Amino acid sequence: MKRETQSNRDRIEMTTTETNPRKLRGHKATATCCIASRNRPGFVATSAEDGCICWFDMRCKDVQLVMEIGKEPISSLCFKSGNEDIIYASSGMEVQCFDVHMLFFLFCLLQATSWKPLQSYSYNKEEINQISCNSKSSFLAAADDGGDVKIIDIHQHHLYKTLRAGAGHTSICSSVQFLPWRPWEVITGGLDSKLIMWDFSKGRPYKIMDFGLPDMNSGGNTGQSFNPAFVHMLAVPEVDMLDKVDQICVVARGDGIVDVINIESELSAMRSKTSTKPRRGSQSRSKESSPTADIETSDQNGRKRLCLDYSLGGHTAAVSCVAFSLFGEIGKFIISGGNDKSVKVWDWSKYYDARQSNDNNDLHLNISLSQKVNWLCTTPTESENLVVCDTTKVVKVYSVS
């Protein structure tokens, strides 16, 4: 267990900020999600339990547009990859698609009103927790409370595949992300403490990591939280980040740990382990798909799985969300928010790069809040580049440099 030294405590105190955030008002109930435009820096969309999507232009003072799309809370938002004129929103068991291309030109003319969706998908049988669009803009994934993930063909507008609970998750599936460097693969996390990699063309998992197993927690500080190691959210780098941040996944865990996992290292270790075992006909695939718990795998450059925990200034309660930074050198920072009413900005590459020693500078910034964090995102601007949805109806905006 890593001991928190006096120098560590001093460093953590120095990085804490109490800067008053900018406040975005427009919702009538708790804000649940936020996404930022990359093509139009400064434009942010937020959703809430009031069934509305609010659009903000950071150059202006007030909310620019309120889209009333239903009565149920909106749990997740995402743009169509490569076309930010199309936005998807999940509400209850439904995913709706909207064309918002005119709003960027007609902000001053539009009034709050009900919007008719271009498409509506009602394939999930339980409430949806997160939606995600793949980098080719051909598939949409929707993860739900039943543990299922629906893969929707958004070109043909039909259900492509169901990643079934039981074959994968045994509890709520809380997060889903496509792997941009593996076009037929998706990664999911759930409240069964499992991270699962799927071949969604075949509808079956090929790698399962169970953070609830004792040896899976050996890399972290098990004394930091009594909460189970539920997987609350996943983040993977976007296509244009891959040459800078490698093929990784960031995991927000219920025990307060932010895990940085090299996906290709895990798969290489799995293949190596499988190749040393005798194959027995059709059983060889099932052995390859069985759960594993390798904690110290490393890639050819010597980089290992990284646990950002409280001994490094991390969270003392469940981590609810994670994101990569879009500002400055994209992907340089990992931002995490948690139930400990704080947001952590991690300069994670210093630790992850094997050519540098751990100089205890991983925590770049600690932002203390007054409420728990529901969601966060970053914008590609020099200031006002961190947007936070907490358990209030007011969205906060911070500047990180």
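Everything numeric here is computed off the predicted structure, so don't read it as measured data.
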TODO: Verify salt bridge (charged side-chain N to carboxylate O under 4.0 Å, His left out) between Arg305 and Asp259, making sure each step is shown before the conclusion.
DONE: CA-CA 7 Å; Arg305 186 181 305 167; Asp259 251 322; 5.3 Å; no

Does the side chain of [Y] come within less than 4.5 Å of [X]'s, by heavy atoms?
{"X": "Arg182", "Y": "Asp199", "value": "no"}
{"X": "Pro237", "Y": "Ile248", "value": "yes"}
{"X": "Glu127", "Y": "Ser75", "value": "no"}
{"X": "Asn385", "Y": "Tyr398", "value": "no"}
{"X": "Ile330", "Y": "Asp240", "value": "yes"}
{"X": "Gln119", "Y": "Gln96", "value": "no"}
{"X": "Met209", "Y": "Ile261", "value": "yes"}
{"X": "Cys97", "Y": "Val95", "value": "no"}

- [ ] Mind running salt bridge (charged side-chain N to carboxylate O under 4.0 Å, His left out) on Arg253 and Asp309 for me, showing each step along the way?
- [x] CA-CA 10 Å; Arg253 288 170 41 172; Asp309 65 14; over 6 Å; no

Quick one: does [X]'s side chain have a donor or acceptor within less than 3.5 Å of a partner on [Y]'s backbone?
{"X": "Asn124", "Y": "Ala142", "value": "yes"}
{"X": "Gln64", "Y": "Asp62", "value": "yes"}
{"X": "Ser175", "Y": "Leu234", "value": "yes"}
{"X": "Asp144", "Y": "Gly146", "value": "yes"}
{"X": "Gln130", "Y": "Ala143", "value": "no"}
{"X": "Thr378", "Y": "Leu326", "value": "yes"}
{"X": "Ser174", "Y": "Val231", "value": "yes"}
{"X": "Ser132", "Y": "Ala141", "value": "no"}
{"X": "Asp340", "Y": "Thr316", "value": "yes"}

- [ ] Could you give me the CA-CA distance, side-chain angles and deciding distance for Asp148 and Arg164, then say whether salt bridge (charged side-chain N to carboxylate O under 4.0 Å, His left out) is met?
- [x] CA-CA 5 Å; Asp148 286 355; Arg164 184 72 64 187; 3.1 Å; yes

Shortest non-hydrogen contact between [X] and [Y], atoms and distance:
{"X": "Ser336", "Y": "Val319", "value": "CB-CG1, 4.0 Å"}
{"X": "Thr381", "Y": "Pro41", "value": "CG2-CB, 3.7 Å"}
{"X": "Phe178", "Y": "Val236", "value": "O-CG2, 3.4 Å"}
{"X": "Cys133", "Y": "Cys78", "value": "N-SG, 4.1 Å"}

Open item on the list: Walk me through whether Ile74 and Ile69 qualify under side chain to side chain contact (heavy atoms under 4.5 Å, CB included).
Closed with: CA-CA 9 Å; Ile74 300 173; Ile69 69 170; 3.4 Å; yes

Distance from [X] atom [atom1] to [Y] atom [atom2], nearest 0.5 Å?
{"X": "Trp181", "Y": "Ser135", "atom1": "CH2", "atom2": "OG", "value": "10.5 Å"}
{"X": "Lys396", "Y": "Leu386", "atom1": "NZ", "atom2": "CG", "value": "12.5 Å"}
{"X": "Lys28", "Y": "Lys393", "atom1": "NZ", "atom2": "NZ", "value": "9.5 Å"}
{"X": "Glu72", "Y": "Ser90", "atom1": "CD", "atom2": "OG", "value": "10.5 Å"}
{"X": "Ile257", "Y": "Asn227", "atom1": "CD1", "atom2": "CG", "value": "11.5 Å"}
{"X": "His169", "Y": "Thr188", "atom1": "NE2", "atom2": "OG1", "value": "2.5 Å"}

Open item on the list: Heavy-atom count check: over 12 atoms from other residues, nucleotides or ligands less than 6.0 Å from Lys80 NZ?
Closed with: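 Counting neighbours around NZ of Lys80, more than 12 heavy atoms of other residues, nucleotides or ligands fall under 6.0 Å, so yes.
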
Carboxylate-amine/guanidinium contact [X] [Y], below 4.0 Å:
{"X": "Arg59", "Y": "Glu384", "answer": "no"}
{"X": "Asp99", "Y": "Lys116", "answer": "no"}
{"X": "Glu329", "Y": "Lys244", "answer": "no"}

Is the ring pair [X]/[Y] parallel, tilted or perpendicular, if the boundaries are 30 and 60 degrees?
{"X": "Phe200", "Y": "Trp184", "result": "tilted"}
{"X": "Phe324", "Y": "Trp348", "result": "perpendicular"}
{"X": "His232", "Y": "Phe230", "result": "perpendicular"}

Any donor-acceptor N or O pair under 3.5 Å, side chains [X], [Y]:
{"X": "Asn339", "Y": "Lys372", "answer": "no"}
{"X": "Tyr121", "Y": "His158", "answer": "no"}
{"X": "Thr32", "Y": "Trp375", "answer": "no"}

Open item on the list: Less than 6.0 angstrom separating the ring centers of Phe333 and His364, yes or no?
Closed with: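 Ring centroids of Phe333 and His364 are less than 6.0 Å from each other.
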
Task: Ring centroid separation Tyr160 to Phe139 under 6.0 Å - done: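 Yes, the ring centres sit under 6.0 Å apart.
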
- [ ] Would you please name every residue forming a side chain to side chain donor-acceptor pair (under 3.5 Å) with Ser120, sequence neighbours left out?
- [x]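 Testing Ser120 for side chain to side chain donor-acceptor pair (under 3.5 Å), a comparison that skips the adjacent residues, returns Glu94.
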
- [ ] Start with the C-alpha gap between Glu238 and Arg38, add the side-chain angles, then the distance that decides, and say whether salt bridge (charged side-chain N to carboxylate O under 4.0 Å, His left out) holds.
- [x] CA-CA 11 Å; Glu238 297 184 33; Arg38 296 192 66 178; 2.7 Å; yes

Task: side chain to side chain contact (heavy atoms under 4.5 Å, CB included) partner of Asn374, the single match among Val395, Thr392, Asp390, Thr391 - done: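 Testing Asn374 for a side chain to side chain contact (heavy atoms under 4.5 Å, CB included) against Val395, Thr392, Asp390, Thr391 leaves exactly one candidate, Thr391.
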
Open item on the list: Taking side chain to side chain contact (heavy atoms under 4.5 Å, CB included) as the criterion, tell me which of Ile154, Asp153, Leu159 meets it with Gln156.
Closed with: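 When side chain to side chain contact (heavy atoms under 4.5 Å, CB included) is applied between Gln156 and each of Ile154, Asp153, Leu159, only Asp153 qualifies.
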
Open item on the list: For Ile53 and Thr46: C-alpha separation, side-chain torsions, deciding distance, then whether side chain to side chain contact (heavy atoms under 4.5 Å, CB included) applies.
Closed with: CA-CA 6 Å; Ile53 300 174; Thr46 64; over 6 Å; no

TODO: Go through the steps for Val63 and Leu24 under the test side chain to side chain contact (heavy atoms under 4.5 Å, CB included), then give the verdict.
DONE: CA-CA 7 Å; Val63 61; Leu24 304 181; over 6 Å; no

Open item on the list: What verdict does the side chain to side chain contact (heavy atoms under 4.5 Å, CB included) test give for Asp347 and Asp362, after you've listed the backbone C-alpha separation in whole Å, the side-chain angles of each residue and the deciding distance to 0.1 Å?
Closed with: CA-CA 5 Å; Asp347 189 355; Asp362 309 85; 6.0 Å; no

